[in-house]
Amino acid sequence: MRNLQFFGRTMVATLATGLVHYEITARSDRLLGIALPGWWEAQRADHAVAYRDLTGLRPLDRLLHEGAEAIVFYDDLLR
C-alpha cells in the first residue's frame with residue numbers, strides 16, 4: 001500500500017511540475033520580460049486547444065484545459 005501511495009504522490013508531483021513549467025514558459029514574456037525557450041511552442045499550444053466546459057466545475061475545467069495545452073506543448077517540444 002505504501003508503494004502505491006508513493007507512486008501516486010510522485011505522479012501528482014511530476015504532473016504538477018510539468019504544468020507549472022508550461023505555464024511559466026507560456027507567460028514568460030509578461031512575467032520575466034523575455035520569452036523563454038519554448039515560448040513559441042507554448043503560444044501554439046494555447047491557440048490549438050479550445051476551452052470547453054466538460055464538467056461544469058470551472059476550476060476542474062480550467063485544470064483539464066491547461067493540462068491539454070501542456071500535452072500539446074510537450075508533444076511539440078519533443079518533435
Side-chain angles (χ1 to χ4, degrees):
M1 187 66 174
R2 283 187 174 174
N3 288 339
L4 186 59
Q5 287 176 340
F6 177 74
F7 177 75
R9 289 180 180 157
T10 303
M11 285 299 295
V12 167
T14 302
L15 293 172
T17 301
L19 187 60
V20 168
H21 174 263
Y22 160 71
E23 290 295 329
I24 289 173
T25 303
R27 288 161 179 70
S28 63
D29 61 329
R30 288 176 281 170
L31 293 174
L32 306 173
I34 60 168
L36 292 175
W39 184 81
W40 286 109
E41 289 82 1
Q43 297 309 302
R44 280 197 295 265
D46 188 42
H47 294 294
V49 179
Y51 179 79
R52 294 180 299 171
D53 278 331
L54 297 173
T55 66
L57 300 171
R58 180 85 172 159
L60 180 58
D61 289 336
R62 292 296 304 169
L63 181 64
L64 293 173
H65 172 73
E66 296 300 329
E69 285 180 356
I71 290 170
V72 171
F73 168 72
Y74 287 113
D75 183 54
D76 200 13
L77 278 182
L78 293 174
R79 287 183 184 199

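Only this structure's heavy atoms are used, side chains among them; waters, hydrogens and symmetry mates stay out. Residue numbers start at 1 and run along the sequence shown.
- One distance of note links CD of Glu23 with CG of Asp46; it measures 8.5 Å at 0.5 Å rounding.
- Ile34 is not listed as a side-chain neighbour of Trp39, based on a closest heavy-atom distance of 4.5 Å or more.
- Interatomic distance, Leu31 CG to Ile24 CD1, rounded to the nearest 0.5 Å: 7.5 Å.
- Side-chain atoms of His65 and Glu69 include a donor-acceptor pair closer than 3.5 Å.
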Result block: side-chain N/O donor-acceptor pairs under 3.5 angstrom for residues 6-19, not counting sequence neighbours:
from, atom 1, to, atom 2, distance (Å)
Thr10, OG1, Phe6, O, 2.7
Thr14, OG1, Thr10, O, 2.8
Thr17, OG1, Ala13, O, 2.8

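- Between Tyr22 and Ile71 there is no side-chain heavy-atom pair separated by less than 4.5 Å.
- The structure places CD of Glu66 at 12.5 Å from CZ of Phe73, a figure rounded to the nearest 0.5 Å.
- Every residue meeting the salt bridge (charged side-chain N to carboxylate O under 4.0 Å, His left out) condition with Asp76, not counting sequence neighbours, appears here in chain and number order: Arg44.
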(request) Test side-chain contact (heavy atoms from CB on, under 4.5 Å) on Glu41 and Tyr74 and set out the steps. (result) CA-CA 8 Å; Glu41 289 82 1; Tyr74 287 113; over 6 Å; no

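- The structure places CD of Gln43 at 10.5 Å from OG1 of Thr25, a figure rounded to the nearest 0.5 Å.
- Scanning both residues, Ser28 and Ala35, for their nearest heavy atoms gives OG-CA, 3.5 Å.
- The hydrophobic clustering, which links ILVMFWY residues whose side-chain heavy atoms are closer than 4.5 Å, places Val20 and Leu36 together.
- The backbone N or O of Thr55 lies less than 3.5 Å from a partner atom in the side chain of Asp61, making a donor-acceptor pair.
- Contacts of Arg79 classified as salt bridge (charged side-chain N to carboxylate O under 4.0 Å, His left out), with partners at least two apart in sequence or in another chain: Asp75.
- For the atom pair CH2 (Trp40) and CG (Leu77), the distance works out to 14.5 Å, reported to the nearest 0.5 Å.
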